[in-house]
Chemist: 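Okay, handing you the structure first.
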Number of protein chains: 2
Amino acid sequence: MSNRPKSTPAPVEAPRRAADRIRDTAFDLFYREGIRAIGVEEIVTRAGVTKPSLYRAFESKDELAAAYLRDYDQRFCRSFEAPAADHPGDPKGQLLAYLDSLSVRASSGDYRGCGLTNAVIEYPDRDHPAHRVAVDSKRALRERLREMCRDMKVRDPDELADSLLLLLEGSYVSGQTFGEGGPARVLGAAARRLIEASL
Amino acid sequence: MSNRPKSTPAPVEAPRRAADRIRDTAFDLFYREGIRAIGVEEIVTRAGVTKPSLYRAFESKDELAAAYLRDYDQRFCRSFEAPAADHPGDPKGQLLAYLDSLSVRASSGDYRGCGLTNAVIEYPDRDHPAHRVAVDSKRALRERLREMCRDMKVRDPDELADSLLLLLEGSYVSGQTFGEGGPARVLGAAARRLIEASL
DNA sequence: CAGAGTACGTACCGATCGGTAACATTGTCA
DNA sequence: TGACAATGTTACCGATCGGTACGTACTCTG
């Protein structure tokens, strides 16, 4: 506990670097409240750092937002691919496992949807850094879905992939609108019907 | 032209009342750019009026946003029910007609989705006037969809209604993310498959 | 034509926005 | 011990935010 070896640079609970604290705090605040709704002042205060530290690590608030979305994308990819471990060589099983878990989250209270989707809506300008990162991530997801649908040997993999993407995005936003007991509860069933109909 | 009768209070092309100009301008700007992105200053400038005129007609920017969303809801309802004229006593035909037209709009460039959905994301706070109006509208839509699905005599009308709602909302947001050739192009096909599978 | 009432504009408010300059302090490693 | 990098401190910037006190022009009515 107290006498840690020198090779460990920092204990897990120790105060990390300012840039990391900012990144983590920005993640939570941007996700829960929205990017436009949160000022840099609030971020540095909640992170226990100061504004110059923020601007030493990030060019601007917009770039911090872009960094947040890159972090979000990374975590999303992990959670999307996580079920692969339980379903080796079974893209359908993997996909449905993710959708089932999403269905539960998105139809319970206090759900805030997908940070990437939300960012596209908050920043409709295609040239905005946040918009760009979010759209790139969504394009990659679409491609990944097409890949999985191709592996499922369905009739029209691209059509199925897009259909499932619509259900996915619909769950993200409906989760925020309806909260507990929202339409996302039927996500798994709807996806199964669509897959069934495509075989 | 010049000598209009006294009984006509104002010609159609004359400058309307400040409140109306504000409402119309706010509608366009809020919808295209987002509510948080637009300041009251820009609204009054583009409307050719001044700030006091805005605050005489609306309590606050938040209330103006709520008014915008009520206008949006009204227009939405009209466009949603419009196909009913061509499909009397045919809820399935009406619904598919709306979805087909949405599919076209949402998979072409410059689409900005649903103003109500966007507002829920911009204002996650459930007590915010804009959030409230948007959620109320969405709840009504969900109920209307259930009603239509019940009329279609399907197996589980509530499940089908929620599934279609997911596709609908998914199209709104995906339209913004992917633009031309986005996943919303398959909306009609996916809806038909789900309906088919529910009969 | 007087006067009330309505409709609107001029000019301004304090607060907060994102962002920065200059300097003091700390911890680390050589 | 001394150099260096990272961070904190303080004070500030111009711009913009939502919002308002107050004066003015028009129109309808008596």
Side-chain angles (χ1 to χ4, degrees), chain A residues 3-11 13-26 29-30 33-68 119 122-123 125 127-131, chain B residues 2-11 14-26 29-30 33-68 119 122-123 125 127-131:
Chain A
N3 59 346
R4 56 198 166 81
K6 272 186 165 179
S7 59
T8 304
E13 74 276 26
R16 295 141 299 154
R17 308 179 88 81
D20 295 337
R21 296 178 53 83
I22 291 167
R23 223 171 160 126
D24 290 355
T25 308
L29 290 176
F30 281 164
E33 314 277 343
I35 300 172
R36 293 199 116 111
I38 295 294
V40 291
E41 192 71 57
E42 188 164 356
I43 294 175
V44 296
T45 304
R46 297 266 281 254
V49 300
T50 56
K51 259 201 276 189
S53 287
L54 192 158
Y55 285 98
R56 273 188 284 257
F58 303 93
E59 265 197 353
S60 61
K61 187 198 172 182
D62 288 349
E63 282 305 323
L64 174 60
Y68 146 61
E122 278 202 279
Y123 294 94
D125 177 5
D127 295 332
H128 193 284
H131 186 100
Chain B
S2 53
N3 61 347
R4 54 197 165 83
K6 271 185 164 181
S7 60
T8 306
R16 294 145 300 155
R17 309 180 87 82
D20 294 337
R21 296 179 55 84
I22 290 167
R23 219 169 164 128
D24 290 355
T25 309
L29 291 176
F30 280 163
E33 314 278 342
I35 300 172
R36 294 199 114 111
I38 295 295
V40 291
E41 192 72 57
E42 189 164 355
I43 294 174
V44 297
T45 304
R46 298 267 279 255
V49 300
T50 56
K51 262 201 272 192
S53 288
L54 193 159
Y55 284 98
R56 270 185 289 260
F58 303 94
E59 263 198 354
S60 61
K61 187 198 172 182
D62 289 348
E63 282 305 322
L64 174 60
Y68 147 61
E122 279 201 276
Y123 294 94
D125 178 5
D127 293 333
H128 194 284
H131 185 100

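Atoms considered below: every heavy atom in the structure, side chains included; atoms not considered: hydrogens, waters and symmetry mates. Proteins get letters first, then strands, A, B, ... in listed order; numbering begins at 1 in each.
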Chemist: Check whether any side-chain nitrogen or oxygen of A:Ser53 sits under 4.0 Å from OP1 or OP2 of D:dG8, and answer yes or no.
Modeler: yes
Chemist: Without swapping roles, check the side chain of B:Glu122 against the backbone of B:Ile35 for a donor-acceptor pair under 3.5 Å.
Modeler: yes
Chemist: Are side-chain heavy atoms of A:Val44 and A:Val40 found at a separation under 4.5 Å?
Modeler: no
Chemist: Which atom names give the shortest non-hydrogen contact between A:Ile22 and A:Leu54, and what distance separates them?
Modeler: CD1-CA, 3.5 Å
Chemist: Could you tell me which residues satisfy salt bridge (Lys or Arg N to Asp or Glu O under 4.0 Å) with A:Glu33, sequence neighbours excluded, listed by chain and number?
Modeler: none
Chemist: Could you work out, with side-chain contact (heavy atoms from CB on, under 4.5 Å) as the rule, every residue matching B:Thr50, not counting sequence neighbours?
Modeler: B:Pro52, B:Ser53
Chemist: Can you tell me the distance, in whole Å, between the CD1 atom of B:Ile22 and the C1' atom of C:dG9?
Modeler: 12 Å
Chemist: How many Å lie between CZ on A:Arg17 and P on C:dT28, as a whole number?
Modeler: 11 Å
Chemist: Please list all pairs passing the salt bridge (Lys or Arg N to Asp or Glu O under 4.0 Å) test where one or both residues lie in residues 43-53 of chain B, with sequence neighbours left out.
Modeler: B:Glu41-B:Lys51, B:Glu42-B:Arg46
Chemist: Quick one: the dot-bracket string of DNA chain C, using Watson-Crick and G-U wobble pairs with both distances under 3.5 Å, [ ] for crossing pairs and | for bases paired to another strand.
Modeler: ||||||||||||||||||||||||||||||
Chemist: Measure the distance from CZ on B:Phe58 to C1' on D:dT20 and round it to the nearest whole Å.
Modeler: 18 Å
Chemist: For the pair made of CD1 in A:Ile43 and C1' in C:dT16, what is the distance, rounded to whole Å?
Modeler: 15 Å
Chemist: How many Å lie between CG on A:Leu29 and C1' on C:dG18, as a whole number?
Modeler: 16 Å
Chemist: Return the set of residues passing ring pair (Phe, Tyr, Trp, His ring centres under 6.0 Å) with B:Phe30 (not counting sequence neighbours), or none when no residue passes.
Modeler: B:Tyr68
Chemist: Report the distance from atom CG of A:Asp20 to atom P of D:dA6, rounded to the nearest whole Å.
Modeler: 13 Å
Chemist: Quick one: salt bridge (Lys or Arg N to Asp or Glu O under 4.0 Å) partners of A:Arg36, sequence neighbours excluded?
Modeler: none
Chemist: I need the CZ-P distance between B:Arg36 and C:dG18, as an integer number of Å.
Modeler: 12 Å
Chemist: Among all residues two or more places apart in sequence or in another chain, which pass the side-chain contact (heavy atoms from CB on, under 4.5 Å) test with A:Ala130?
Modeler: A:Ala65, A:Leu69, A:Tyr123, A:His128
Chemist: Can you list every salt bridge (Lys or Arg N to Asp or Glu O under 4.0 Å) pair that touches residues 53-65 of chain B, not counting sequence neighbours?
Modeler: none
Chemist: Polar atom pairs between nucleotides 24-28 of chain D and protein, under 3.5 Å, N or O only, would you list them?
Modeler:
none

Chemist: Without decimals, in angstroms, what is the distance between B:Glu63 CD and D:dG19 C1'?
Modeler: 15 Å
Chemist: Taking all non-hydrogen atoms of both residues into account, name the closest pair between B:Ile43 and B:Thr25 and its distance.
Modeler: O-CG2, 3.7 Å
Chemist: Using a 4.0 Å heavy-atom cut-off to protein, can you give one letter per nucleotide of nucleotides 19-24 of chain C, 5' to 3': B if the base is in contact, S if only the sugar-phosphate is, - if neither?
Modeler: BBB---
